Amino acid sequence: MPGSVGRESYLPPRDFGEYVVCKRRKLAEQQQDELAALTKGVATQCLSSIFRGVAIYATGYIEPSAVKLRELVCLHGGRYEQYYNRSRVTHIVATTLTSAKFRQWRHAKIVRPAWIVDSVRKGRLLAWSHYCLYNAREYTDERAFWQKSRSPPQERARTIAKDAAEEACRPTSMRSLPTSATDENFVANYYASSRLHHLSSWKAELRDICAKLELSHAANVDTRRRVVMHIDMDCFFTSVAVRDRPELAGCPVGISHSTVTGSSSDLASCNYEARAYGLKNGMRVGEALKKCPHLVLLPYEFAQYKAIFAEYAAQIQAVSCDEALLGFPLDRFLPGDIAENAQRMAREIRDKIHAATRCTASQAKPNGQHFLNPAEAQPVLDRLPVKRLPGVGWSLDKRLKDKHIETGGDLRKIALNTLQCWFGTSTGQMLYSFARGIDERPLQTTSNRQSISTNVSWGVRFVHTHQVEKFIGELAEEVARRTVKEGVVGRMIVYKRKPDAVDHAYKVFGHGDCDILQQGHMLSTATQEAGVIKETSWRLFGQMNLLVADVRGIGIQLLKLASINKDSG
DNA sequence: ATCCTCCCCTAC
DNA sequence: TAAGGTAGGGGAGGAT
Ligand SMILES: Nc1ccn([C@H]2C[C@H](O)[C@@H](COP(=O)(O)OP(=O)(O)OP(=O)(O)O)O2)c(=O)n1
Ligand SMILES: [Mg+2]
Ligand SMILES: [Mg+2]
């Protein structure tokens with residue numbers, strides 16, 4: 001197979017020391033033609049070699065000036081870099097940093113100018129850590145903060161040592177499986193099996209269908225006098241699997257790619273019997289089987305899911321492939337009892353869905369419906385853990401917990417002002433309203449797409465640069481394909497994820513706990529051509545100066561879209 | 001003030 | 001083995 005390489009190339013480094021050596025060697029290879037440029041900042045005459053191996057980059061206002069520092073460093077055997085570059089610069093010299101810069105450079109060595117001056121004065125290289133712009137405690141705390149708060153818990157739960165050991169124990173066959181480096185058609189194959197990719201593209205499809213229905217009056221529904229009906233299929237993927245297997249009635253059932261004990265595969269969906277054991281959508285199969293050993297795991301049936309939602313497209317805001325929001329002005333349920341009439345309609349809709357799909361849908365799970373009177377909402381909300389509010393995920397939940405806010409009731413005790421101060425104007429307002437059962441967001445029945453993006457962060461293991469180039473080409477084709485359907489580009493972004501050291505993802509072939517780097521470029525003319533998108537992305541990738549072996553994901557995003565039919569201004 | 005850019009976060 | 005994608009809201013902080 002073209003582009004394939006020997007298995008040896010995949011063996012992860014045995015220890016960190018070896019990794020560093022390996023990294024240096026590869027960097028040297030990768031940047032061979034840039035070597036000439038490296039020597040540019042080196043002085044023609046040397047007074048000493050105090051700064052041998054040191055390359056500084058100066059930023060912001062500093063005293064002595066950057067020019068002076070450059071002279072000092074170069075005279076004493078070091079280098080000065082005009083531009084910051086992660087792999088060339090060893091130390092950043094600064095006296096102040098914006099928080100954005102600090103974040104960007106949180107793993108770099110950032111020193112005060114005095115480090116240079118004092119080293120020259122003493123005639124030897126002083127420990128940079130004594131001149132660290134941020135004292136050690138702040139620095140490590142900040143590092144810990146970013147590492148911790150940036151990734152969901154499971155990514156941090158395992159130690160590098162443990163994972164390295166597991167990696168070493170893995171049968172060799174597992175290391176030679178197709179990845180981004182070897183698989184001919186990796187992106188297409190991957191997308192064919194990725195549930196999250198399906199979920200996303202189906203949502204886009206449904207949104208288009210809903211927009212075409214042109215229920216223009218929906219936009220005019222008074223948000224304070226309306227009924228919103230929320231319909232969602234019950235354990236959708238699982239229902240589809242179970243409907244033709246009556247023998248599984250009453251059994252805990254879930255959907256996943258892998259059925260193996262200890263698997264790191266995701267449980268996409270599970271039925272209510274399984275949830276009684278504490279199983280949740282998105283959980284790892286290994287964990288699910290521990291909690292429920294007799295769980296029946298069935299494969300995905302993407303074609304079936306698609307057939308179901310395509311045939312029975314929702315009438316209003318498509319939330320996802322199994323879910324919709326329907327908005328009605330109150331008078332739609334008059335005359336008579338609003339609750340009663342809304343209930344009757346809900347019943348009808350659910351019956352129709354069941355007849356058409358043989359799966360159940362509900363407003364009260366599972367397989368139920370409920371008309372929530374504004375009056376009964378408050379006691380429920382007061383007891384509700386904040387995590388259950390829409391818009392409160394892993395991160396906001398943690399920040400709320402830090403403020404000792406656990407429930408809707410706790411939230412309701414905090415003044416609007418305070419919430420906005422802690423969490424921002426908009427987020428604060430949202431929390432304030434939701435805690436009171438108020439949600440006046442109009443349904444989004446139609447909207448112009450603002451971006452088109454593609455991203456793969458699974459199975460990404462490169463050995464050679466040309467493999468990356470090919471991979472970016474595949475992604476660019478995908479972006480172009482989708483773009484042709486819609487608008488044009490003004491701008492593109494490549495973003496990357498890169499781990500700090502050895503491979504230690506909890507998920508087999510996963511991306512692990514990575515840095516996410518991003519770089520954008522504004523095109524002079526909008527495009528929808530794969531060639532242009534590829535060339536630009538490839539150039540941006542080069543600018544990031546990554547070691548290809550470190551890359552754990554690549555994505556391309558197209559922004560500033562404009563319609564191609566209309567005036568292409 | 002209001003934009004823009006570079007992120008982070010959330011949902012399915 | 002395993003398939004950790006994606007659009008859009010929003011915040012921080014600099015540019016205009
Ligand atoms: N982490 C997740 C969450 C959901 N899904 C998929 C499988 C689900 O069946 C479908 C719909 O998501 P829901 O949140 O509606 O979950 P279910 O329909 O499975 O269960 P519920 O009865 O709670 O709606 O999306 C997934 O693949 N991974
Ligand atoms: Mg559902
Ligand atoms: Mg749903």
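Chain naming here is simple, since letters A, B, ... match the order of the sequence lines and numbering starts at 1 in each. This one's a predicted model, so the numbers in the text were calculated from it and none came from an experiment.
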- Query: For C:dA3, does OP1 or OP2 lie under 4.0 Å from any side-chain N or O of A:S265?
  - Reply: yes
- What are the two closest non-hydrogen atoms of A:V468 and A:I554, and how far apart are they? CG1-CD1, 3.8 Å
- Query: Which of these nucleotides, C:dA3, C:dG11, C:dA7, is closest to any side-chain atom of A:S193?
  - Reply: C:dA3
- Please give, in whole Å, the distance from B:dC6 P to A:D515 CG? 17 Å
- Would you indicate, yes or no, if C:dA2 has its OP1 or OP2 atom less than 4.0 angstrom from a side-chain nitrogen or oxygen of A:R284? no
- Assign A:S201 to base, sugar-phosphate, or nothing according to its heavy-atom contacts below 4.0 angstrom with the strands shown. nothing
- Message: Is there a side-chain contact between A:R449 and the phosphate of C:dA7, meaning an N or O under 4.0 Å from OP1 or OP2?
- Response: yes
- Please measure how far the C1' atom in C:dG4 lies from the corresponding atom in B:dC9, and state the result in whole Å. 16 Å
- Note on the structure: The residue among A:R284, A:K507, A:H257 that forms side chain to side chain donor-acceptor pair (under 3.5 Å) with A:D266 is A:K507
- Message: By the 4.0 Å heavy-atom rule, please label A:D266 as base, sugar-phosphate, or nothing.
- Response: sugar-phosphate
- Task: State plainly whether the residues A:K470 and A:E474 are in salt-bridge range, i.e. N to O under 4.0 Å.
- Result: yes
- Can you tell me if the side-chain N/O atoms of A:T454 get under 4.0 Å from OP1 or OP2 in C:dT6? yes
- Indicate, yes or no, whether a donor-acceptor pair under 3.5 Å links the base of C:dG5 to the side chain of A:Y190. no
- Base, sugar-phosphate alone, or nothing: which one does A:R482 contact when heavy atoms must sit under 4.0 Å apart? sugar-phosphate
- Query: Are OP1 or OP2 of B:dA11 and a side-chain N or O of A:S320 less than 4.0 angstrom apart?
  - Reply: no
- Message: Need one value for A:S194: base, sugar-phosphate or nothing, where a base atom within 4.0 Å counts as base even if backbone is also close, heavy atoms only.
- Response: sugar-phosphate
- Query: If you take atom types as modelled and just measure distance, does the side chain of A:S200 reach the base of C:dG5 with a donor-acceptor pair under 3.5 Å?
  - Reply: yes
- Sugar-phosphate, base or nothing in reach of A:H257, heavy atoms under 4.0 Å: base
- Message: Is it the case that the side chains of A:R539 and A:Q519 hold a donor-acceptor pair, with the cut-off being a distance below 3.5 Å and no angle test?
- Response: no
